Undergrad: 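Can you read through this structure? Questions will come right after.
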Protein chains: 2
Amino acid sequence: MPQAKIDAGDEIAVEACPVREVLDRVAGKWSILIIVAAARGPVRFTELERSIEGISRRMLTLTLRHLERDGLLKRTVYATVPPRVDYELTDIARELHQSLLSLTDWAERHRAAISAARVAYDAERLAAAG
Amino acid sequence: MPQAKIDAGDEIAVEACPVREVLDRVAGKWSILIIVAAARGPVRFTELERSIEGISRRMLTLTLRHLERDGLLKRTVYATVPPRVDYELTDIARELHQSLLSLTDWAERHRAAISAARVAYDAERLAAAG
DNA sequence: CAGTATCCGATCTGATACTG
DNA sequence: CAGTATCAGATCGGATACTG
């Protein structure tokens with residue numbers, strides 16, 4: 001039962017709430033970006049650092065560890081010199097990526113509408129404020 | 001073309017990146033929770049406050065404004081005493097909610113696996129450190 | 001190459017008192 | 001009822017120097 005049923009008066013429990021779960025997994029500025037970047041196959045640390053514009057080394061590391069801990073990324077270390085580490089999506093992350101697709105699709109389809117809404121909202125508030 | 005194609009060497013642009021767009025819209029601790037709570041029909045401020053466990057008045061207000069600005073919520077004020085304000089999803093938010101469903105579905109299906117992954121990860125690190 | 005360690009400012013959140 | 005205003009604490013995130 002994917003549909004989260006909410007009748008009047010129901011509480012959205014913080015614990016065990018599937019919505020919260022997704023959020024916690026995917027929240028943060030970079031998680032989804034990394035998942036998307038890793039979706040086409042194993043990627044190395046530096047590849048990610050270069051491909052995800054604006055990410056710092058620190059945040060890349062932290063987010064990678066986080067995703068690995070949740071079982072979304074598989075980290076493989078090759079004992080070579082120089083060292084090589086590959087990150088690749090696990091099966092459940094690959095499923096997640098599929099779900100994400102409908103979200104990005106939504107974003108693309110409504111990007112203009114959302115921009116317009118913002119402009120309208122700001123204009124209204126500006127007018128109201130004098 | 002919903003599929004975000006990423007060839008080796010491509011950059012995930014910060015601007016105009018549909019992934020980023022979704023994130024910015026839906027990020028934050030409460031946005032999605034509010035969307036889910038409002039999905040079944042118009043809700044009042046206090047209803048939301050009661051149904052979303054743990055949310056503070058401040059964050060509810062901020063998040064509502066944010067969603068309203070992005071054109072995801074429609075705010076209706078009734079000039080009654082005491083005042084009454086309804087929030088309801090716009091059409092595009094309703095679409096978003098549909099997309100969210102596949103995410104929550106994913107969360108439910110893999111909740112156990114993710115928990116297990118965490119435990120395993122922590123145990124490993126503990127063993128390595130100890 | 002693939003990180004770790006440290007410092008610090010920006011942002012997010014919660015608690016709470018007050019108001020039209 | 002439906003907020004706003006203010007303050008403090010927690011967390012996030014970036015820059016950067018250093019290392020196996």
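Lettering follows sequence order; numbering is per chain, from 1. Keep in mind that this is a model prediction, so the values were computed, not measured.
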Undergrad: Between atom CZ in F45(A) and atom P in dC1(C), what is the gap in whole Å?
TA: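 About 11 Å, once rounded to whole Å.
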Undergrad: Which whole-number value in Å describes the distance from R125(A) CZ to dG3(D) C1'?
TA: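 In whole Å, dG3(D) C1' and R125(A) CZ are 12 Å from each other.
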Undergrad: To the nearest Å, how far apart are L62(A) CG and dG3(C) P?
TA: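 Nearest whole value for this atom pair: 12 Å.
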Undergrad: Between dA2(C), dG14(C), dG14(D), spot the one nearest the side chain of T46(A), thanks.
TA: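 For the T46(A) side chain, the nearest candidate turns out to be dA2(C).
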Undergrad: Nearest whole angstrom, please: distance from the P of dC12(D) to the NE2 of H66(A).
TA: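 Rounded to whole Å, this separation is 9 Å.
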Undergrad: Let me know the distance between CG of L64(B) and P of dG3(D), rounded to the nearest Å.
TA: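 L64(B) atom CG is separated from dG3(D) atom P by 7 Å.
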Undergrad: Where the side chain of K29(B) is concerned, which of dT4(D), dG3(C), dG14(C) is the nearest nucleotide?
TA: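 Closest nucleotide to the K29(B) side chain: dG14(C).
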Undergrad: Should R109(B) and E95(A) count as an ion pair when the cut-off is N to O under 4.0 Å?
TA: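 A salt bridge links R109(B) with E95(A).
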Undergrad: Counting side-chain heavy atoms from C-beta on, which of dT13(C), dG3(D), dG3(C) comes nearest to V85(B)?
TA: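 For the V85(B) side chain, the nearest candidate turns out to be dG3(D).
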Undergrad: Between dA2(D), dG3(D), dG3(C), which nucleotide has the shortest distance from any of its atoms to the side chain of R75(A)?
TA: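 Taking heavy atoms from C-beta onward, the closest nucleotide is dG3(C).
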Undergrad: Tell me which nucleotide among dA2(C), dG14(C), dT4(D) gets nearest to the side chain of R84(A).
TA: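 My answer, after comparing the listed nucleotides, is dA2(C).
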Undergrad: If you check the R65(A) side chain, which of dA2(D), dG14(D), dT4(C) turns out closest?
TA: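 The closest nucleotide is dT4(C).
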Undergrad: Measuring from atom OG of S102(B) to atom CG of L103(A), what distance do you get when rounded to the nearest 0.5 angstrom?
TA: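 Rounded to the nearest 0.5 Å, the OG-CG separation comes out at 6.5 Å.
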Undergrad: Within 45° of the ring axis of W30(B) and under 6.0 Å from its six-membered ring centre, is that where the NZ or CZ of R20(A) lies?
TA: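 Ring-cation test returns yes.
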Undergrad: Give the nucleotide from the list dT4(C), dG14(C), dG14(D) with an atom nearest to the side chain of M59(A).
TA: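 Nearest nucleotide to the side chain: dG14(D).
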Undergrad: Return the value, rounded to whole Å, for the distance between atom CZ of R44(B) and atom C1' of dG3(D).
TA: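 From R44(B) CZ to dG3(D) C1': 13 Å.
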Undergrad: Return the value, rounded to whole Å, for the distance between atom OH of Y78(B) and atom P of dG3(D).
TA: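 About 13 Å, once rounded to whole Å.
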Undergrad: Using the side-chain heavy atoms of W30(B), tell me which of these nucleotides is nearest: dG14(C), dG14(D), dC1(D).
TA: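 My answer, after comparing the listed nucleotides, is dG14(C).
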Undergrad: Output yes when at least one side-chain N/O atom of Y87(A) is less than 4.0 Å from OP1 or OP2 of dC1(C), else no.
TA: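 Answer is no, no contact under 4.0 Å.
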Undergrad: Heavy atoms only, 4.0 Å cut-off, all strands: where does R58(A) land among base, sugar-phosphate and nothing?
TA: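 Counting heavy atoms under 4.0 Å across all strands, the contact made by R58(A) includes a base.
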Undergrad: Provide the Watson-Crick or G-U wobble partner of dT16(C), both distances under 3.5 Å; none if there is no partner.
TA: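 dT16(C) is paired with dA5(D).
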Undergrad: Please state how far atom CG in L60(A) lies from atom P in dA2(C), giving the value in whole angstrom units.
TA: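 Distance check: L60(A) CG to dA2(C) P gives 10 Å.
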Undergrad: Base, sugar-phosphate or nothing for R57(A)? Non-hydrogen atoms, less than 4.0 Å.
TA: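 Result for R57(A) = base.
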Undergrad: Taking the side chain as everything from C-beta on, heavy atoms only, tell me whether T61(B) gets closer than 4.5 Å to F45(B).
TA: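 T61(B) reaches F45(B) side chain to side chain.
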Undergrad: So that I can tick it off, tell me whether R69(A) and D122(B) are bridged by a salt bridge, with the cut-off set at under 4.0 angstrom between side-chain N and carboxylate O.
TA: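 A salt bridge is present here (some side-chain N lies under 4.0 Å from a carboxylate O).
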